[in-house]
Number of protein chains: 2
Amino acid sequence: MGERVLPRAERRRRTEGKILDAARSLFAELGYERTTIRAVAKAAGVDPALVMQYFGNKQRLFQQAVRMTPPGGGELGPEGAVEHVLGALTMKLGELPQSSLAMMRSMLTHPEAAASAREALGEQIERLAEALPGEDARLRAALMTLVMLGITVGHQLLEIDELRGVPQEELARLLRPSLLALTGL
Amino acid sequence: MGERVLPRAERRRRTEGKILDAARSLFAELGYERTTIRAVAKAAGVDPALVMQYFGNKQRLFQQAVRMTPPGGGELGPEGAVEHVLGALTMKLGELPQSSLAMMRSMLTHPEAAASAREALGEQIERLAEALPGEDARLRAALMTLVMLGITVGHQLLEIDELRGVPQEELARLLRPSLLALTGL
DNA sequence: GTCTATACCGTGATAGAC
DNA sequence: GTCTATCACGGTATAGAC
């Protein structure tokens with residue numbers, strides 16, 4: 001036989017991609033427990049058993065779906081750190097990668113998501129701490145990170161009324177003095 | 001027959017109490033989905049079907065377990081509002097009522113818990129907004145509330161390393177200027 | 001009235017048929 | 001390489017024992 005138009009490796013890769021896209025979307029919307037393998041398969045247009053075949057179990061499907069390359073941060077002073085943190089807000093409403101939303105959505109109820117969240121937050125805390133002066137830089141960095149976590153959770157996941165439709169620049173403007181106060185200057 | 005030592009109404013009340021205590025504890029630790037009726041029943045020392053008999057379904061058991069009387073707040077100015085918000089931190093580590101933790105634990109993955117959380121946060125936002133000046137009092141109040149939500153989630157539920165063992169007074173000291181900056185003074 | 005036993009359906013997971 | 005059969009577990013409904 002001649003060369004196939006779509007080599008099996010390529011075909012497999014595309015199918016995996018469809019499954020992961022569907023999984024990210026459902027995990028982000030429903031969280032780990034309420035997302036069923038069967039629903040992911042249906043959304044991806046494949047057989048449920050195929051999902052198991054590819055990813056082994058639900059847990060590994062989740063891991064693959066939320067896998068993220070943490071953006072490496074450069075060097076910056078306290079003010080730069082504040083702007084960097086606020087920058088997360090300036091992504092427009094389509095915004096945060098679905099993988100982040102999926103991880104956050106499940107971080108309080110799924111142990112694996114909690115571990116991923118702790119790790120991701122820990123990295124951000126460490127990066128921020130390097131830009132802050134003083135003994136308690138890590139503690140202040142942790143508080144800054146959790147402040148933004150609270151805003152993001154309330155805005156993106158809980159969809160608190162008071163924040164609906166508020167432009168991100170407005171949020172950044174209101175939060176900036178608050179975060180600066182946490183830098184310890 | 002003479003008077004019963006434990007009238008059935010009293011006996012029933014105690015059984016319900018045991019079930020609700022067990023439910024609160026498990027919901028707070030595991031969240032809604034991972035908490036099973038069977039596990040609640042076992043922890044309470046009763047038959048699983050009895051839980052159904054009393055509460056109808058898991059959803060209503062959850063509602064009863066997280067039911068809380070919101071503390072009515074008095075009148076206060078912006079500084080008083082900040083201290084009031086910070087006061088939530090000063091509860092010692094045993095701390096937040098388990099009903100609150102149960103609600104927060106599930107608020108991102110269980111629709112009913114999300115509704116309860118939105119309602120509870122909305123009440124606090126409204127109370128804070130009354131103490132703040134300016135056009136955007138409600139927005140500022142929402143941000144203050146979400147700031148505290150982020151800290152609480154990171155501290156109590158995610159158990160972020162950097163906050164472990166930090167005295168609540170220290171947290172309050174670091175956060176006070178940040179919250180004051182949000183009052184819009 | 002209070003509680004127990006049992007059965008049904010959906011979900012994650014495994015083994016094996018086509 | 002894809003799908004079916006089957007199992008264990010959890011939410012739920014019902015029957016009936018005490």
Side-chain angles (χ1 to χ4, degrees), chain A residues 1 4-20 22-23 25-27 29-66 102 106 109-113, chain B residues 1-23 25-27 29-66 102 105-106 109-113:
Chain A
M1 306 79 168
R4 319 232 1 85
V5 189
L6 279 183
R8 49 216 148 91
E10 168 67 7
R11 180 164 176 72
R12 154 110 188 202
R13 203 185 57 76
R14 295 200 186 182
T15 306
E16 279 191 0
K18 278 198 306 182
I19 293 172
L20 285 175
S25 178
L26 286 171
F27 280 134
E29 183 185 359
L30 301 172
Y32 184 85
E33 315 288 350
R34 299 175 103 81
T35 299
T36 68
I37 301 251
R38 286 158 165 91
V40 169
K42 180 184 261 187
V46 302
D47 189 275
L50 187 65
V51 177
M52 297 296 295
Q53 177 79 10
Y54 281 1
F55 298 95
N57 57 34
K58 187 179 176 180
Q59 171 53 40
R60 276 217 284 258
L61 172 62
F62 181 80
Q63 283 175 341
Q64 296 277 331
V66 304
S106 295
T109 45
H110 185 57
E112 184 72 24
Chain B
M1 305 82 164
E3 289 292 313
R4 321 233 358 84
V5 190
L6 278 183
R8 51 218 146 93
E10 169 67 8
R11 179 165 176 70
R12 155 111 189 201
R13 204 185 57 74
R14 293 198 186 184
T15 307
E16 276 192 2
K18 276 197 306 182
I19 293 172
L20 284 175
D21 281 345
S25 178
L26 287 171
F27 279 134
E29 183 185 359
L30 302 173
Y32 184 84
E33 316 287 350
R34 299 175 103 83
T35 298
T36 68
I37 299 228
R38 287 160 163 93
V40 170
K42 181 186 260 186
V46 302
D47 189 273
L50 187 65
V51 178
M52 295 294 296
Q53 177 79 11
Y54 281 0
F55 298 96
N57 55 33
K58 187 179 177 181
Q59 171 53 39
R60 277 216 284 258
L61 172 62
F62 180 79
Q63 284 174 342
Q64 296 276 329
V66 305
R105 177 73 78 187
S106 295
T109 45
H110 185 56
E112 185 72 24

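The chains referred to below are lettered A, B, ... by the order of the sequence lines, with proteins before strands, and numbering in each begins at 1.
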Problem - For atom NZ of B:Lys58 and atom P of C:dT11, their distance in whole Å - result: 14 Å
Practice task
To the nearest Å, give me how far apart CG (B:Leu26) and C1' (D:dG11) are.
Solution key: 16 Å
Practice task
Can you tell me the distance, in whole Å, between the CZ atom of A:Arg60 and the C1' atom of C:dA13?
Solution key: 13 Å
Problem - Rounded interatomic separation in angstrom, taking CZ from B:Phe55 and C1' from D:dT12 - result: 16 Å
Exercise for the section: Select base, sugar-phosphate, or nothing to describe what A:Thr15 touches, counting heavy atoms under 4.0 Å on all strands. Expected result: nothing
Handout entry: A:Arg13 with A:Glu16: basic N within carboxylate O range, under 4.0 Å
Key = no
Handout entry: Given C:dG12, D:dT2, D:dA13, the nucleotide with the shortest approach to the side chain of A:Thr36
Key = C:dG12
Fill in the blank from the handout: Rounded to whole Å, the CD-C1' distance (B:Gln59 to D:dT12) equals 14 Å
Problem - Among D:dT2, C:dT4, C:dG12, the one nearest A:Ile37 by side-chain distance - result: C:dG12
Practice task
For B:Ser106 and B:Gly31, indicate whether the former's side chain and the latter's backbone hold a donor-acceptor pair under 3.5 Å.
Solution key: no
Handout entry: From C:dT4, D:dT4, C:dT14, nucleotide with atom closest to A:Asp47 side chain
Key = D:dT4
Exercise for the section: Look at all strands and tell whether A:Tyr54 reaches a base, only sugar-phosphate, or nothing, counting heavy atoms closer than 4.0 Å. Expected result: sugar-phosphate
Practice task
May I ask you to decide if the ring planes of B:Phe62 and B:His110 are parallel, tilted or perpendicular, using 30° and 60° as cut-offs?
Solution key: perpendicular
Problem - Lys/Arg cation over aromatic A:Tyr54: A:Arg12, 6.0 Å, 45° cone - result: yes
Practice task
Figure out the CE/C1' separation between B:Met52 and C:dC8, and round it to whole Å.
Solution key: 13 Å
Exercise for the section: Could you tell me the separation between the CD atom of A:Gln53 and the C1' atom of C:dA13, rounded to a whole number of Å? Expected result: 13 Å
Exercise for the section: Establish whether the base of D:dG11 is bridged to the side chain of B:Arg38 by a donor-acceptor pair shorter than 3.5 Å. Expected result: yes
Fill in the blank from the handout: To the nearest angstrom, the CG-P distance between A:Leu30 and C:dT11 comes to 12 Å
